[in-house]
Protein chains: 2
Amino acid sequence: MRDSAEKGARARLKPGMKHGGSPCCMELEGGIRNRGLRMTLPRQLVAQVLEAAEGYLSAEEIYSIIREEYPAIGLATVYRTLVLLDEMGIVNRYNFGEGRARYIVTEDQTAEHHHQLVCERCYKVIKYSDFIEDERELYRKVESVLSVKHGFKINRHIVQFHGICPDCRKKEKQENENESSSGDI
Amino acid sequence: MRDSAEKGARARLKPGMKHGGSPCCMELEGGIRNRGLRMTLPRQLVAQVLEAAEGYLSAEEIYSIIREEYPAIGLATVYRTLVLLDEMGIVNRYNFGEGRARYIVTEDQTAEHHHQLVCERCYKVIKYSDFIEDERELYRKVESVLSVKHGFKINRHIVQFHGICPDCRKKEKQENENESSSGDI
DNA sequence: CTGACTGCAAACCCTTTGCATCATC
DNA sequence: GATGATGCAAAGGGTTTGCAGTCAG
């Protein structure tokens, strides 16, 4: 069960929305046209799957979700589309050290900068930008102190809180119960 | 020049310290003995190179640094040693999305929790734990707010400021000058 | 129609593994 | 000397690329 679409951060192709319409697809289509490229089904599908996802998806996961309904689509095309979407700034590519990349739709650039809660088990991500009072101000201050002190030109900051999401906590509890009730060492 | 040891976060084997003695080697030796494993030259060398490094190194970089003086050492051994060091908690493995892992000696666990300045060009890292006033307190507050709000069990946080270090800023400036003075398009 | 896009398979790159040999304990 | 560690080469796994056929514009 290495890479099924059944992992926590799952997504599905909703049969009712076969073609375009979602914010992501609109943006994609715009970008595509601008570049003189072509809008195709695989490109729509990848964008749609990522849009529907609750968190980071690997290429393989995206591929297998799409394949459920469109078995003709190839993995290479998924990869090529992801490169395109990344270049266009529609998705972002991340790496959690599993030996594979994971993708997520880029936060709306007009939206506020955000920080993240990442589940260490299922890679579901919760973004938040409802910072508590003084939080924003503090980062500004810290960045200015650091850039002066160390001569860095600071471009951005990454703030992630890692832990276990509610769903996975439930699962872990269940697993522990099963373990202790079975005869395992 | 994909992976030479000449990148910014460089390190060298100091001829004078061929065998052990560094904090890392001591810790390594202790851990090794405890496990009934054997202390060998390649293991010392990998630990030493990482200890001397100013930032994150890739396996290939470590390998090529060692190879300058010990051409007989194999890349596979470097990888195996890195797995060992990682398991023993002596080094940490990170991934910056280049398609390869990078390693760095684990911060001293007795030392204060710290945040990082990472150079996006050479992967040099500056750690700091001289937080400005209220910084520490703020993270505590944020974590408690988030864990209540989202039901996460928060284990740790990662705060990194990404940018360009002073050395690389200099290099970039030089490169730009060279570019504009040469006849390139 | 034309050229961009696709699926397939082969190539690539980083990393891991199998195996005979070597060296630590 | 026994057994863990090594070097080499081959295998793995994720990702990219070459190519001929396909399809959007």
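Lettering of chains follows the sequences in order, A, B, ..., and the numbering in each one begins at 1. All values below come from the heavy atoms of this structure, side chains included, with hydrogens, waters and symmetry mates left out.
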Proximity of B/Tyr56 and B/Tyr94 rings by center, below 6.0 Å: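 Yes; B/Tyr94 has its ring centre under 6.0 Å from that of B/Tyr56.
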
Comparing B/Ala101 and B/Arg33 on DNA chain C - which has the more 5′ nearest nucleotide: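 Final value for this comparison: B/Ala101.
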
Pairwise 5' ranking along DNA chain C for B/Ala76 and B/Ile32, keeping only the more 5' one: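 Residue closer to the 5' terminus by nearest nucleotide: B/Ala76.
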
Any N/O donor-acceptor pair, A/Arg38 side-chain to C/dG3 base, under 3.5 Å: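 Such a pair exists between side chain and base.
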
Side chain A/Arg80 and base C/dG7 donor-acceptor under 3.5 Å: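 In this structure, the two groups form a donor-acceptor pair.
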
Ring geometry between A/Tyr139 and B/Phe161 (parallel below 30°, tilted from 30 to 60°, perpendicular above 60°):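 Tilted, since the angle between the ring planes falls between 30° and 60°.
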
Parallel, tilted or perpendicular, as decided by the 30° and 60° cut-offs, for the rings of B/His162 and B/Phe96: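 Ring orientation of B/Phe96 relative to B/His162: tilted.
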
So, OP1 or OP2 of [N]: does either fall under 4.0 Å of a side-chain N or O from [X]?
{"X": "A/Thr77", "N": "C/dC5", "value": "no"}
{"X": "A/Thr40", "N": "C/dT6", "value": "yes"}
{"X": "B/Tyr79", "N": "C/dT16", "value": "no"}

Residue A/Met39, side-chain heavy atoms: nucleotide from C/dT16, D/dG25, D/dT15 that is nearest: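 Closest nucleotide among those given: D/dG25.
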
Closest to the A/Pro42 side chain, choosing from D/dA5, C/dT6, C/dT15: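 Of all the options, the side chain of A/Pro42 is nearest to C/dT6.
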
Whole-Å distance separating the CZ atom of B/Arg35 from the P atom of D/dA5: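 Taking atom P of D/dA5 as the reference, CZ of B/Arg35 is at 10 Å.
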
Any side-chain donor near an acceptor of the partner, B/His115 and B/Gln160, under 3.5 Å: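 No, because no side-chain N or O of B/His115 sits under 3.5 Å from a partner of the opposite role on B/Gln160.
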
